[in-house]
Amino acid sequence: MPEGKLEKNLYFVDSSKRPLEGEDNEVVSADFKDFLEMTVEGEVEKSPELVNHIEWLALELRETIKRQIEIEPIEITPSMIHILPRDLCEKNYNRDYEVNPAFCNNQGIFICEEFLKEQKNNLLAILDILTHEFLHLYAVTKHYIVATDDTIEIRDQLRQGWSIRHGKPVEEKEEFHFKGWDEMITDRLNVDFFRNNIRQHPKYRELAIERDKRLLSAEEIEEGMIVISEGNSEYEFLSRLFSDMVEKIYELNHDKFDDQNQVYYDLVRPYFSARLKPTAKLINSLGRDCFRDLADFENKKDINQAKAIIDFRKKYNLSDDPRLQEFINAGGDEDLVKAYIKY
């Protein structure tokens, strides 16, 4: 893509679904960024050390996206990250701390103060959750707005990464499709960034090596295995499905790609851009309804999801994943999942 022609990741539409163009979009984008930086009620001040980590992470991740995906994401500043006491996260934003110690919405990125206190000696866990939420904010977003002469009100979100809202902007109770796929892509990008950027940085590398020694056996380390994050993998089934789809798509379209990495980036690109049609066409090379069938995978790891993925794999002639049936036979027992995620 020519220099200076990078795509952007922030779009707005009005009530008639008309995209704002040129100066109108720039004005609203600037107002939106100012809105993200506004202090929220009860916000806790960030430590200088955390600000330093945020600044490095925001710049490093943004430059990586520009280089690999050729997208111009918004610039994330420390002011867009809001630290709140746990009770305010749960009361004002209806977030269950045990499920969402951090989250991203149209006011920025929120982190519960309790999480930072619990993980004060685990910087890698803090970087992991920050990277995940940064990716959501860097992902393509399309907002429905109502503008008057004096104010701009952000009413709803029509697009967030791979997730697409079904229905007109003015309708209520609309559902997002591709929710599970969107979170899985976020997780995969997070893994890549940890492996290639965080783990390679002098400030964080020794912490990663120490964690590997603590959680992995000598044999696993000898095999080149590393720990990506601590905790259960919510996206392991969809992630392996994604990997097998990349392999199969490359096999069917090898004359169009130099290697599987090109297929990988083509499947990831809609997360950051507004262009789904070329990727849908590529995915449908596996079968006519493949793209549409992906839309129904929920962001929920349970027996129903495991059964749906088994059916999907059979329908599109993808190899079996033995872990799916193991998970079903165990009644969805999370003890089958490793206590940490290894790659």
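Not measured: the values here are computed from a predicted model. Worth knowing before you read on, the calculation uses all heavy atoms, side chains too, and leaves out hydrogens, waters and symmetry mates.
Distance CD1/Ile54 to CD1/Ile76: 10.0 Å, rounded to 0.5 Å. Between the CZ atom of Arg288 and the CG atom of Asp293 there is a distance of 12.0 Å, given to the nearest 0.5 Å. To the nearest 0.5 Å, the span separating CZ on Arg240 from OG on Ser319 amounts to 10.5 Å. Between Lys256 atom NZ and Asp266 atom CG the span is 11.0 Å, to the nearest 0.5 Å. Atom-to-atom distance recorded for Glu49:CD and Leu123:CG is 10.5 Å, nearest 0.5 angstrom. For the atom pair CG of Leu286 and CG of Leu318, the computed distance is 6.0 Å after rounding to the nearest 0.5 Å.
No salt bridge links Arg67 with Glu63; every basic N to acidic carboxylate O contact stays at or beyond 4.0 Å. With respect to the salt-bridge test (charged N to carboxylate O, under 4.0 angstrom), the residues Arg195 and Asp192 do not qualify. Salt bridge Arg86/Glu90: present, at least one basic N to carboxylate O contact under 4.0 Å. Ion pairing between Lys33 and Glu75 fails under the 4.0 Å rule for side-chain N and carboxylate O. Electrostatic pairing of Arg313 and Asp244 counts as a salt bridge here, judged by a charged N lying under 4.0 Å from a carboxylate O.
Using a 4.5 Å heavy-atom cutoff, the side chains of Leu276 and Arg159 are in contact. Within the 4.5 Å cutoff, no side-chain heavy atoms of Thr141 are placed close to those of Asn106. Annotation: side chain of Lys248 is in contact with side chain of Glu251 (closest heavy-atom distance under 4.5 Å). A heavy-atom distance below 4.5 Å is found between the side chains of Leu50 and Ile83. The shortest side-chain heavy-atom distance between Leu215 and Arg211 falls under the 4.5 Å cut-off. Contact check for Asn253 versus Val263: no side-chain heavy atoms found under the 4.5 Å cut-off. Using a 4.5 Å cut-off on side-chain heavy atoms (C-beta onward), Asp87 and Lys91 make no contact. Side-chain contact between Leu135 and Phe193: absent, with no pair of heavy atoms (C-beta onward) separated by less than 4.5 Å.
Side-chain atoms of Gln107 do not come within 3.5 Å of backbone N or O of Phe35 as any donor-acceptor pair. Remark: the backbone N or O of Val227 is paired with a side-chain donor or acceptor of Asp212 at under 3.5 angstrom. With Arg275 contributing its side chain and Pro270 its backbone, the two residues share no donor-acceptor pair below 3.5 Å. Using modelled atom types, no side-chain atom of Glu183 and backbone atom of Gly180 make a donor-acceptor pair closer than 3.5 Å. Between the side chain of Lys46 and the backbone N or O of Pro78 there is at least one donor-acceptor pair closer than 3.5 Å. In this structure, Arg62 contributes its side chain and Tyr138 its backbone to no donor-acceptor pair below 3.5 Å. Using modelled atom types, one side-chain atom of Glu133 and one backbone atom of Cys104 make a donor-acceptor pair closer than 3.5 Å. At least one donor-acceptor pair under 3.5 Å links the side chain of Asp302 to the backbone N or O of Gln305. Side chain of Gln262 to main chain of Asp258: a donor-acceptor pair is present (N/O by atom type, distance under 3.5 Å, no hydrogens or angles). Panel note: side chain Asp321, backbone Arg323; a donor-acceptor pair is recorded below 3.5 Å.
Cys112 and Asn100 make their closest contact through SG-O, 4.4 Å (heavy atoms, listed as atom of the first residue, atom of the second, distance). Between Val246 and Leu267, the shortest heavy-atom distance links the atoms CG2-CD1, 3.8 Å. Between Ala139 and Gln160 the shortest heavy-atom distance is CB-NE2, 3.7 Å. The minimum heavy-atom distance linking Leu207 with Lys203 is given by the pair CD1-O, 4.3 Å. Contact between Ala102 and Ile129 at its shortest, heavy atoms only, is CB-CD1, 3.6 Å.
Aromatic pair Phe237/Phe327: ring centres closer than 6.0 Å. Residues Phe110 and Tyr93 bring their aromatic ring centres within 6.0 Å. Ring pair His177/Trp162: centre-to-centre distance not below 6.0 Å.
Glu41 and His82 form no side-chain donor-acceptor contact under 3.5 Å, judged by distance and modelled atom types alone. Between Arg188 and Ser239, the side chains place a donor N or O and an acceptor N or O closer than 3.5 Å (distance only, hydrogens not considered). Side-chain N/O atoms of Tyr204 and His53 include a donor and acceptor closer than 3.5 Å. Gln325 and Asn329 form a side-chain donor-acceptor contact under 3.5 Å, judged by distance and modelled atom types alone.
Using a 4.5 Å cut-off between side-chain heavy atoms of Ile, Leu, Val, Met, Phe, Trp and Tyr, with links allowed through other members, Leu124 and Ile111 fall into the same hydrophobic cluster. Ile303 and Leu238 fall within a single hydrophobic cluster, where Ile, Leu, Val, Met, Phe, Trp and Tyr side chains are chained together by heavy-atom contacts under 4.5 Å. Linking ILVMFWY residues whenever their side-chain heavy atoms come closer than 4.5 Å, directly or via other members, places Leu61 and Tyr265 in the same cluster. Hydrophobic cluster membership differs between Leu88 and Leu36, with clusters built from Ile, Leu, Val, Met, Phe, Trp and Tyr side chains linked at under 4.5 angstrom. Under a hydrophobic-cluster definition in which Ile, Leu, Val, Met, Phe, Trp and Tyr are linked whenever side-chain heavy atoms come within less than 4.5 Å, directly or via other members, Leu116 and Leu84 are assigned to different clusters.
Geometric assessment of Lys301 against the ring of Tyr235 yields a negative cation-pi assignment under the 6.0 Å and 45° thresholds. Judged by a 6.0 Å distance limit and a 45° cone about the ring axis, Arg95 is positioned over the six-membered ring of Phe103.
Taking the six-membered ring for Trp and thresholds of 30 and 60 degrees, Phe312 and Tyr316 have ring planes inclined between 30 and 60 degrees apart.
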Item to check | Intermediate values then yes/no, ring pair (Phe, Tyr, Trp, His ring centres under 6.0 Å), Tyr264 and Tyr250 | outcome: CA-CA 9 Å; Tyr264 171 84; Tyr250 176 68; over 10 Å; no
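Remark: Asp34 CG is packed, more than 12 non-hydrogen atoms of other residues, nucleotides or ligands lying under 6.0 Å away.
With Tyr271 as reference, Asp182 is the one residue of Asp182, Ile69, Ile71 to meet the side-chain contact (heavy atoms from CB on, under 4.5 Å) rule.
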